[in-house]
There are 2 protein chains.
Amino acid sequence: MSDSPAEPTLAEQIAAQLRRDILRGKLPPDTAIKERDNAAELGVSRTPMREAIRILAQEGLVVLRPSRSPIVARPTVKEVHDQVVVLLALEKLSAQIACERATEQDLARLAELNEKIAEAYDQVDALDLFEMDMAFHRLIAESAHNAALAETHHAYLARLWRARFLSATMRRNRERVVSHHGAIMEALRARDPVAVDAALDQHLSNLAEDISAAIEAENAAAVRAGG
Amino acid sequence: MSDSPAEPTLAEQIAAQLRRDILRGKLPPDTAIKERDNAAELGVSRTPMREAIRILAQEGLVVLRPSRSPIVARPTVKEVHDQVVVLLALEKLSAQIACERATEQDLARLAELNEKIAEAYDQVDALDLFEMDMAFHRLIAESAHNAALAETHHAYLARLWRARFLSATMRRNRERVVSHHGAIMEALRARDPVAVDAALDQHLSNLAEDISAAIEAENAAAVRAGG
DNA sequence: TTTCCTCATCTGGTATACCAAAAATTGTTG
DNA sequence: CAACAATTTTTGGTATACCAGATGAGGAAA
């Protein structure tokens, strides 16, 4: 699942481009991704475009239908909610294991990032803050030193990027995030599984609701626009 | 992730073929899968072979290396163990949710399959029994009615197919599996999350050890053979 | 007017050819 | 004999062309 960081292949570049467009909303749900037209538009052949579409399909961002153009996925509230449930479970498992296995370096990195977030939370724009939040959670997953777990967790984090971003824009109390992160940090540092579990529950419990509200709002808007 | 059940594409057929060969051991770990030679051998072009290899890479059965032939993966004991940990967590989460959400039909199907296994456990061959066991666990995951969870669980189940098969062949006490399944069944029917958790722990706790032993044995054999 | 059949068109799937980069091998030179 | 450099081979990546099936529109018949 790890790409060669050296020189991304054309298909990966295309996938990255489309991914950005989808996540930023430039390609809204239900938009058709015709591999012919789209490839011509970008001046590439169908082959890498095809592969890029497969990558995004694998990530759940587009859906493939037999004998039909692939379209940008329009996740239902239930689907997103289900994914959040899994994400939460994976992250809690990670944290549990991390209580035993996290190295001092892991904790140091986590603390450093947490510090950075605490300093910047009211100064940087939402997107940057969001990236840092994502990195924080990824670090937790990686602190369990379980490659499969980290990979799957990361996949869900990526898949929920848009939903989480939508929810982040509507949530204005950033202070809470910072305090939650602090609680998670402390629990991890104390290597207290129970406290970590509680802290994560606290931090992510509202996420599902926020995301649900955001998705519903977007879908309602789409319906109004005649989507 | 769901295929069109109608008419599998060539790439999917090739992937299925290779998957079987790998899981059955016909293509042992470290075997190179040259997309050129292999395609010519099967009488197909590189395109579907390439896609098939990607599919298997996604499943973790083969590893892609830059500027090198893809090779059949040789999972380390730690990797497999890590995956088992995740599988167990996913299955326990499924069971927890299933305690609330499982329909009577779900439980009926589960009971039916359990019955079938109990009747056949000492009569059918290991492979058939294994398939039934896999179906049993998949039913548990599906009883949570969380598509994302079921999908990820199934992916891990498939990824661990070979390891689980290896462990199954070396374990001769099939009765235990049956009794464990019965315990899981009863706990689910009672919709008792604690009991389900305990039953699953009981059932899957030895799996990691068994698998580890099997993997180590295979790797040792490979070393002896000059792999 | 409605329904059904036909045909043009669009879709993804596959085959083939070409290219550039990276190994591996071989030859040369110290 | 060893180390280095050039060539040859193998690899994956990309472009292009062709094919079969499905879709959907449009016309003909009831």
Side-chain angles (χ1 to χ4, degrees), chain A residues 1-19 21-22 27 29-74 226-227, chain B residues 1-19 21-22 27 29-74 226-227:
Chain A
M1 191 67 62
S2 53
D3 311 334
S4 50
E7 194 172 347
T9 185
L10 226 192
E12 287 167 352
Q13 294 180 40
I14 297 173
Q17 173 70 41
L18 289 177
R19 190 184 298 116
D21 290 347
I22 293 174
L27 293 177
D30 291 343
T31 304
I33 313 273
K34 314 191 191 194
E35 75 178 39
R36 264 184 174 80
D37 300 6
N38 232 303
E41 195 171 323
L42 284 173
V44 300
S45 85
R46 283 178 57 201
T47 314
M49 173 62 66
R50 176 186 179 75
E51 191 161 329
I53 291 176
R54 298 309 177 102
I55 293 175
L56 296 180
Q58 206 287 320
E59 295 176 1
L61 287 179
V62 308
V63 298
L64 272 45
R65 327 170 282 181
S67 305
R68 239 11 163 294
S69 293
I71 58 174
V72 177
R74 176 187 296 282
Chain B
M1 192 70 64
S2 54
D3 312 333
S4 51
E7 195 172 348
T9 185
L10 227 192
E12 287 166 351
Q13 294 179 39
I14 297 172
Q17 173 70 40
L18 289 177
R19 191 183 299 115
D21 290 347
I22 293 174
L27 294 177
D30 290 343
T31 304
I33 313 272
K34 315 192 190 192
E35 75 180 39
R36 265 183 174 79
D37 300 5
N38 232 303
E41 194 172 322
L42 283 174
V44 300
S45 83
R46 282 178 59 201
T47 314
M49 173 62 65
R50 177 184 179 77
E51 190 161 328
I53 291 177
R54 297 309 177 103
I55 292 175
L56 296 181
Q58 206 286 320
E59 295 176 2
L61 288 179
V62 308
V63 298
L64 272 45
R65 327 171 284 180
S67 305
R68 227 37 150 282
S69 292
I71 58 173
V72 177
R74 175 187 297 281

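These numbers come from the heavy atoms of this one structure, side chains and all, not from hydrogens, waters or symmetry mates. Convention: sequence-line order gives letters A, B, ...; per-chain numbering from 1.
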Residue of the set B:V72, B:D21, B:I71, B:V63 for which side chain to side chain contact (heavy atoms under 4.5 Å, CB included) holds with B:I33 | B:V72
For D:dG12, take OP1 and OP2 only and decide whether either is under 4.0 Å from a side-chain N or O of A:T9.
-> no
In Å and rounded to the nearest 0.5 Å, what is the CZ to OG1 distance from A:R74 to A:T31?
-> 8.5 Å
Kindly give the heavy-atom pair with the smallest separation between A:P29 and A:A73, and that separation in Å.
-> CB-O, 3.6 Å
B:Q13 CD to C:dT14 C1', straight-line distance once rounded to whole Å | 12 Å
Atom CD of A:E12 and atom P of D:dG12 are separated, to the nearest Å, by 14 Å
In degrees rounded to 10°, what angle is found between the helical axes fit to the five outermost pairs at each end of the helix from C:dT1-D:dA30 to C:dG30-D:dC1?
-> 0°
When the distance from CD of B:E51 to P of D:dG12 is rounded to whole Å, what number comes out?
-> 16 Å
Atom CD1 of A:I71 to atom C1' of C:dG12: distance rounded to whole Å?
-> 16 Å
What are the two closest non-hydrogen atoms of A:A52 and A:A11, and how far apart are they?
-> CB-O, 3.4 Å
What salt bridge (Lys or Arg N to Asp or Glu O under 4.0 Å) pairs are there with at least one residue in residues 39-51 of chain B, not counting sequence neighbours?
-> A:R50-B:E51, A:E51-B:R50, A:R54-B:E51, B:E35-B:R46, B:E35-B:R50
Look up atom CD in B:Q17 and atom CD1 in B:I14, then write down how far apart they are to the nearest 0.5 Å.
-> 9.5 Å
Distances for protein N or O near nucleotides 7-11 of chain D N or O, under 3.5 Å:
residue: D:dT11; atom: OP1; partner: B:K34; partner atom: NZ; Å: 3.4
residue: D:dT11; atom: OP1; partner: B:S69; partner atom: OG; Å: 3.4

If only side-chain N and O atoms of B:R54 are considered, is one of them under 4.0 Å from the OP1 or OP2 phosphate oxygen of D:dG13?
-> yes
Rounded to whole angstroms, how far apart are CZ on B:R65 and C1' on C:dA24?
-> 14 Å
Could you go through the side-chain contact (heavy atoms from CB on, under 4.5 Å) check for B:I53 and B:L64 one step at a time?
-> CA-CA 9 Å; B:I53 291 177; B:L64 272 45; 4.0 Å; yes
Quick one: side chain to side chain contact (heavy atoms under 4.5 Å, CB included) partners of B:E59, sequence neighbours excluded?
-> B:R19, B:I55, B:L56, B:L61
Between A:L18 and A:M49, does a side-chain contact (heavy atoms from CB on, under 4.5 Å) hold up when you go through it step by step?
-> CA-CA 10 Å; A:L18 289 177; A:M49 173 62 66; 4.2 Å; yes
Just jot down the side chain to side chain contact (heavy atoms under 4.5 Å, CB included) partners of A:D37, sequence neighbours excluded, or say none.
-> A:K34
Nucleic acid contacts of residues 40-50 of chain A, taken as heavy-atom distances under 4.0 Å to DNA chain D | A:V44, A:S45, A:R46, A:T47, A:P48
